[in-house]
Amino acid sequence: MPELPEVETTRLGVRPWIKDKVVSGVSVRCDRLRWPVPDLNHLLVGSTILDVQRRAKYLLLPSSHQGTLIIHLGMSGSLRIAPIEASPGPHDHIDIRFEQYCLRMRDPRRFGAVLWSAQPLAHPLLKSLGPEPLSEAFDIDYLWRQARHRKVAIKSLLMDGKVVVGVGNIYATEALFMAGIHPNRPCNRISKQRLARLLEAVKRILTQAIAKGGTTLRDFQREDGRPGYFRLDLRVYGRAGETCHQCGRKLKSLKINQRASAYCGYCQR
DNA sequence: CGAAACTCCTGAGCGC
DNA sequence: TGCGCTCAGGAGTTTC
């Protein structure tokens, strides 16, 4: 599931291949993603991709045609650099072709999105997003202000894009374990000191995951097809019923927002 | 306003 | 061998 580390890994992998390159053609084999895919032929062909940027889990590809392509990978999306002659697989919905190769988007579950905007940061989907988790804006005073008056589960807060972006189920689960905080604990019942631990845990987990190319569970792959290796570092996610690495007790699981949340009932309070 | 339920989709894993 | 069921989950949308 692409979360911030997977999107950042994709950005870094893809950027050298398409930055400052001219789009020679586009194939949209399925235009029914989360929203209908716009007419990329008309928008992109002949233009130069000026950069590959990221805001939250959105990839932003500003084009010399006075607009920016916005790509979201949803749950199962991935981007690859593929030879033009390589025939597309069943869920390879979109090719953006360059002279020697193409940028190919695959998304089996089609929760992803491809959009076009003249002002991407002002786009309705992006304009109300919270701070980047690895930025200085995401600091303890900010998190404390967000948490102190709310009573939702702390895990819900971490996964709320209006509070902080990019933290999905995997990394929220791991950060809470690292900080020793129970995922279901109401946010207004966590001391500032413990919130500070959580803040550092979020930053550390995301930084480590980016360094390892993200987490590959099933669908995620890098631009060259390799997996990400952070899966080997997961300490609680997907391990309910197995043994806690810290105390040896059995990890439990509960549902928060219809999402599985593995935790250790002894190490996390 | 916040909070929770609902929604999109396909493949994996399971029981029989 | 294959059917039908449940589950996974990002995040926008709807409802209360």
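Since the model is a prediction, treat every value here as computed from it, not as a measurement. Within every chain, numbering begins at 1; the chains are lettered A, B, ... in the order of the sequence lines, protein sequences first and strands thereafter.
Of all the heavy atoms in A/R29 and A/D92, the pair that sits closest is NE-O, 2.8 Å. Closest of all the heavy-atom pairs between A/C102 and A/P83 is SG-O, 4.5 Å.
Sorted by first and then second residue, the pairs that involve residues 114-132 of chain A and meet salt bridge (charged side-chain N to carboxylate O under 4.0 Å, His left out), not counting sequence neighbours, are A/R54-A/E132, A/R55-A/E132.
Atom CG in A/L157 sits roughly 9 Å away from atom P in B/dA3 (whole-Å rounding). We find that OH of A/Y58 is positioned 6 Å from P of C/dA11, with the value rounded to whole Å. Remark: C1' of B/dC9 and CD of A/Q258 are 16 Å apart, rounded to the nearest angstrom. In this structure, the NZ atom of A/K127 is 14 Å from the C1' atom of C/dG12, given to the nearest Å. Look at CG on A/N169: it is 16 Å from P on C/dC7, rounded to the nearest Å. Taking atom CG on A/D160 and atom P on B/dA3, their separation rounds to 9 Å, with Å as the unit. Between the CZ atom of A/F111 and the C1' atom of C/dA8 there is a distance of 9 Å, rounded to whole Å. What separates NE2 of A/H91 from P of B/dC8 is a distance of 18 Å, to the nearest Å.
A/L125 comes within 4.0 angstrom of sugar-phosphate atoms only, judged by non-hydrogen atoms across all strands, and of no base. Using a 4.0 Å heavy-atom cutoff across all strands shown, A/K255 reaches sugar-phosphate atoms only and no base atom. At a threshold of 4.0 angstrom between heavy atoms, the contacts of A/R110 are confined to the sugar-phosphate backbone, with no base atom among them.
Residue A/R150 has its side chain nearest to B/dG2 when only B/dA4, B/dC9, B/dG2 are considered. Considering only the side chain of A/R34, C/dG12 comes nearest among B/dC6, C/dG12, B/dA4. Of the candidates B/dA3, C/dA8, C/dG10, C/dA8 carries the atom nearest the A/R109 side chain, counting heavy atoms from C-beta on. Minimum atom distance to the side chain of A/K57 is reached by C/dG10, of the listed C/dG10, B/dC6, B/dT10.
With contacts defined as side-chain heavy-atom distances shorter than 4.5 Å, the pair A/L129/A/Y58 qualifies.
Note that CD of A/E242 is 7.5 Å distant from CG of A/L251, once rounded to the nearest 0.5 Å.
Each of A/R259 and A/K151 has a nearest nucleotide on DNA chain B; the 5'-most of these lies closest to A/K151.
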